[in-house]
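Computed from a prediction, not measured in an experiment: that's the story for all the values here. Just so you know, ligand 1 is whichever comes first in the structure, and atom 1 is the first atom listed for that ligand.
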Amino acid sequence: MSEQASNQRIYSRIAGTGSYLPEKVLTNDDLAKFVDTSDEWIASRTGIRERHIAAEGETTGDLAYHASVRALEAAGVDASELDLIVLGTTTPDLVFPSTACLLQHRLGANGCAAFDVNAACSGFVYALSVADKFIRTGSAKTVLVVGSETLTRMVDWSERTTCVLFGDGAGAVVLKADDETGILSTHLHADGGKKELLWNPVGVSVGFKENEKNAGVRIRMAGSEVFKYAVKALDAIVDETLEANGLDRHDIDWLIPHQANLRIIEATAKRLDMPMDRVIVTVDKHGNTSSGSVPLALDAAIRSGKVERGQMLLLEAFGGGFTWGSALLRY
Ligand code: UT7
């Protein structure tokens, strides 16, 4: 990639989107057959009714590939035209190479830069922000941004406080350099001091010893504390995003939030004085797919015809780290 000197402003525009969900669907009633929960509890506390589960052997890279093929097709872009692939995931296929590199090869985009971003559920928004910087500086013209996860691989299916929340899925976006406005701004934050409220405390360097007390490759979450922090952080980032662009909350056409909990989504919508029919909600069908969630919701909104060209979209996410971020864009 080479830097390009130019006085003209360059924006990243969404040229196409795609998404993919594994075939298998697990409903709340299915879950209630093997863990002490109910459809009533899950739906009223989270808004979730069902989620998709990756088949045995089906990986984050597989989901990413299918979503990416659809996004490239929608954009009318050949994989060989890509300058960069940025993939948000916290459930990579392998320790290394990155899932982005595996995807690059499978798509036939050989030669372009490719790397993963791990920001847990904010992974896609982080990846989008990184890709936008590459385009704005003239370092890349055509970029594939993906959020893909197989989070159910690290769920303890006997732990009702977490296993009902997560699902698998992927979404992808092709960004192209344009002199017309696309992404207006992105905003990223993190608070590493809260790591133990939402984490999976194993890894290459600390080890994967599953027999240690409180260890094991599974998600741990202090749900109500995460909930409270998330609502505050998202309120603040919504204000920050509007202020940075000199916009009023009524200037936003669509809110496309991270799909963790309908009650968190409703709180952000309230902050924006936005009726729920201007908010894209997929949490009922997808559960929390971590970094897959925002691009899955975005693709669903575009393909259903709800979101139209020229409209102002606010994307936001919150996740482990803690991390949180937003992107404001004219579609
Ligand atoms: O994507 C990353 C960010 N993650 C999030 O944003 C998630 C944030 N947190 C949440 O969405 C919510 O806190 C949860 C959905 C995880 C939990 O909802 P809550 O309203 O905060 O419930 P709670 O944890 O305070 O639990 C209330 C009760 C407890 O019983 P007691 O102690 O009141 O008797 C739990 O044991 O609900 C019980 N409970 C369940 N009952 C039936 C917890 N999980 C379940 C379950 N089914 N699956």
Side-chain angles (χ1 to χ4, degrees), residues 26-51 88-91 118-126 147-152 154-171 188-192 194-200 218-238 255-269 271 281-284 286-297 315-326:
L26 190 71
T27 66
N28 291 348
D29 286 335
D30 293 335
L31 272 164
K33 286 179 194 146
F34 61 85
V35 67
D36 181 16
T37 191
S38 65
D39 176 51
E40 198 283 324
W41 191 95
I42 303 170
S44 63
R45 299 285 179 131
T46 71
I48 300 168
R49 295 266 175 202
E50 58 188 40
R51 70 286 294 143
T89 191
T90 192
T91 49
N118 180 351
C121 298
S122 311
F124 176 78
V125 174
Y126 265 63
S148 184
E149 302 278 10
T150 46
L151 230 71
T152 66
M154 54 180 182
V155 154
D156 177 349
W157 290 107
S158 66
E159 177 50 75
R160 71 176 182 174
T161 58
T162 47
C163 77
V164 303
L165 304 174
F166 300 103
D168 301 327
L188 304 179
H189 292 281
D191 180 354
K194 300 291 182 297
K195 75 172 193 291
E196 284 160 32
L197 295 181
L198 175 53
W199 65 330
N200 184 341
R218 60 190 174 81
I219 299 168
R220 249 53 71 75
M221 179 166 71
S224 60
E225 287 170 72
V226 176
F227 188 103
K228 284 180 227 148
Y229 198 107
V231 169
K232 272 196 203 144
L234 292 171
D235 276 358
I237 209 166
V238 160
L255 173 65
I256 307 189
H258 173 46
Q259 310 283 324
N261 187 315
L262 185 60
R263 292 185 290 141
I264 297 179
I265 296 172
E266 285 168 346
T268 310
R271 180 75 166 200
V281 174
T282 54
V283 70
D284 53 332
H286 302 170
N288 181 348
T289 57
S290 186
S291 64
S293 130
V294 171
L296 268 161
L315 281 48
E316 48 86 338
F318 182 91
F322 290 147
T323 58
W324 60 104
S326 67

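Looking only at protein heavy atoms, the nearest one to atom 27 (C) of ligand 1 is Arg45 NH1, 3.5 Å. Of the protein's non-hydrogen atoms, Thr37 OG1, 2.6 Å is the one closest to atom 47 (N) of ligand 1. Ranking the protein heavy atoms by distance from atom 30 (O) of ligand 1 puts Arg160 NH2, 4.4 Å first. The protein heavy atom nearest to atom 2 (C) of ligand 1 is Cys121 SG, 3.4 Å. Nearest to atom 37 (O) of ligand 1 among the protein's heavy atoms is Trp41 NE1, 3.2 Å. Atom 24 (O) of ligand 1 has Ser224 N, 4.6 Å as its closest protein atom, hydrogens excluded (heavy atom only). In terms of protein heavy-atom proximity, atom 9 (N) of ligand 1 is closest to Gly223 O, 3.0 Å. Ranking protein heavy atoms by distance to atom 1 (O) of ligand 1, first place goes to Asn288 ND2, 2.7 Å.
Checking atom 18 (O) of ligand 1 against the protein gives a heavy-atom contact under 4.0 Å. Put simply, atom 33 (O) of ligand 1 has no protein non-hydrogen atoms near it, under 4.0 Å away. Atom 11 (O) of ligand 1 lies below 4.0 Å from at least one non-hydrogen atom of the protein.
Counting heavy atoms from C-beta outward, Trp157 and Thr152 have side chains that approach closer than 4.5 Å.
Taking the six-membered ring where the residue is Trp, His189 and Trp324 present parallel rings, their angle staying beneath 30° rather than reaching 60°.
The Phe318 neighbourhood of ligand 1 comprises atoms 1 (O), 2 (C), 3 (C), with distances under 4.0 Å to a heavy atom of that residue. Heavy-atom contacts of Arg263 reach the following atoms of ligand 1: 18 (O), 19 (P), 20 (O) (cutoff under 4.0 Å).
When only interatomic distances are considered, the shortest N/O to N/O separation between Leu165 and ligand 1 does not fall below 3.5 Å. Checked by distance only, ligand 1 and Ser38 stay at 3.5 Å or farther apart across all their nitrogen or oxygen atoms. Remark: ligand 1 and Thr46 share no N or O pair separated by less than 3.5 Å (distance only, no angle test).
Across Asp284, Thr27, Asp29, Asp39, a single residue satisfies side chain to side chain donor-acceptor pair (under 3.5 Å) together with Arg49, and that is Asp39.
The distance from the OG1 atom of Thr282 to the CG atom of Asn288 is 10.0 Å, given to the nearest 0.5 Å. With rounding to the nearest 0.5 angstrom, the OG1 atom of Thr162 is 7.0 Å from the CE atom of Met221.
For Val35, the heavy-atom gap to ligand 1 stays at 4.0 angstrom or more.
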